[in-house]
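Quick notes on the structure that follows.
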Amino acid sequence: MKPCVDCTAEEITTNRPIAIDKRTGKPVPGPRCMSHHRAKRTATKTRNHARYVENTYSIDAALYRAIIEAQGGKCAICQRANGSTKRLAVDHDHSCCAGPTSCGKCVRGALCSVCNVFVGRMRDDPEAFVRGAAYLRYPPAQAVINSLN
């Protein structure tokens with residue numbers, strides 16, 4: 001069995017098995033053990049996400065993390081999603097900047113994908129949220145049902 005290149009570089013003496021693909025059951029092409037393979041994959045995903053956020057929203061990874069921390073580590077609207085399964089999306093005002101990228105000044109916060117889609121469906125209209133809150137507090141069907149009883 002070939003030793004992992006990272007284990008060898010760190011002078012770890014245990015011979016860890018090379019990473020195995022879950023779908024095929026075959027060794028992953030590459031010279032790393034499963035632990036180092038996962039660590040490298042996570043680091044690559046984190047780096048790619050940071051690059052995407054910086055290129056698209058003009059904010060760096062530290063500012064992205066600071067925004068999430070300022071929100072208590074959760075989605076700004078539902079307060080349930082914390083980004084552990086799927087990263088929180090950057091919400092920004094589309095009317096501020098023309099084109100596919102943001103200037104960075106119009107970033108509003110970090111939302112889970114459900115809340116982000118919801119804000120988009122409401123077309124960034126604050127009055128739609130007020131109507132939605134009124135609807136939940138005073139459902140119109142209840143008035144009809146109560147008047148018939």
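What you see is a predicted model, and the numbers here were worked out from it, not measured in a lab.
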> Hey, mind stepping through Cys115 and Cys78 against side-chain contact (heavy atoms from CB on, under 4.5 Å) and telling me if it holds?
Replying inline: CA-CA 7 Å; Cys115 291; Cys78 70; 3.6 Å; yes

> When rounded to the nearest 0.5 angstrom, what is the spacing between CZ in Phe118 and CD1 in Ile77?
Replying inline: 7.5 Å

> Which atoms form the tightest heavy-atom contact between Lys74 and Gln79, and what is the distance?
Replying inline: CD-O, 3.2 Å

>> Around atom CZ of Phe129, are there more than 12 heavy atoms from other residues, nucleotides or ligands closer than 6.0 Å?
In response: yes

>> A side-chain contact here means heavy atoms from C-beta on lying under 4.5 Å apart; do Val107 and Asp91 qualify?
In response: no

> Do you reckon Ile59 sits in the same ILVMFWY cluster as Leu88, going by side-chain contacts under 4.5 Å, direct or chained?
Replying inline: yes

> Given Asp60 and Arg65, is the salt bridge (charged side-chain N to carboxylate O under 4.0 Å, His left out) satisfied, shown in steps?
Replying inline: CA-CA 9 Å; Asp60 63 357; Arg65 285 191 302 274; over 6 Å; no

> Is there a side-chain contact between His49 and Tyr64, using heavy atoms and a 4.5 Å cut-off?
Replying inline: yes

>> Between Ile68 and Leu63, is there shared hydrophobic-cluster membership here, with clusters defined by ILVMFWY side-chain heavy atoms closer than 4.5 Å?
In response: yes

> Closest approach of Arg51 and Asn48, non-hydrogen atoms and distance?
Replying inline: NH1-OD1, 3.2 Å

> For Ala76 and Gln71, which heavy atoms make the closest approach, and how far apart are they?
Replying inline: N-NE2, 3.4 Å

> Can a salt bridge be assigned to the pair Arg108 and Asp124 using a cut-off of 4.0 Å between side-chain N and carboxylate O?
Replying inline: yes

>> With heavy-atom distances below 4.5 Å as the criterion, would you say the side chains of Cys97 and Cys103 are in contact?
In response: yes

> After noting the C-alpha distance and the side-chain angles of Tyr57 and Tyr52, does the key distance pass the side-chain contact (heavy atoms from CB on, under 4.5 Å) rule?
Replying inline: CA-CA 8 Å; Tyr57 304 107; Tyr52 166 76; 3.6 Å; yes

> Between Asp93 and Lys105, is the closest basic N to carboxylate O distance under 4.0 Å?
Replying inline: no

>> Given 3.5 Å as the limit, does a donor-acceptor pair link the side chain of Thr56 with the main chain of Val53, or not?
In response: no

> If you measure from OG on Ser113 to NZ on Lys86, what distance do you get to the nearest 0.5 Å?
Replying inline: 4.0 Å

> Same cluster or not: are Val119 and Val90 linked, directly or through other Ile, Leu, Val, Met, Phe, Trp or Tyr residues, by side-chain heavy atoms under 4.5 angstrom apart?
Replying inline: no

> When rounded to the nearest 0.5 angstrom, what is the spacing between CG in Asp6 and NE2 in His37?
Replying inline: 11.5 Å

> Between Asn146 (side chain) and Gln142 (backbone), is there a donor-acceptor pair under 3.5 Å?
Replying inline: yes

> Nearest 0.5 Å, what's the CZ-NZ distance between Arg47 and Lys45?
Replying inline: 13.0 Å

>> Please give me the minimum heavy-atom distance between Ser147 and Val144, naming the atom from each residue.
In response: OG-O, 2.8 Å

> What heavy-atom pair brings Cys112 and Cys75 nearest, and what distance separates the two atoms?
Replying inline: N-SG, 3.3 Å

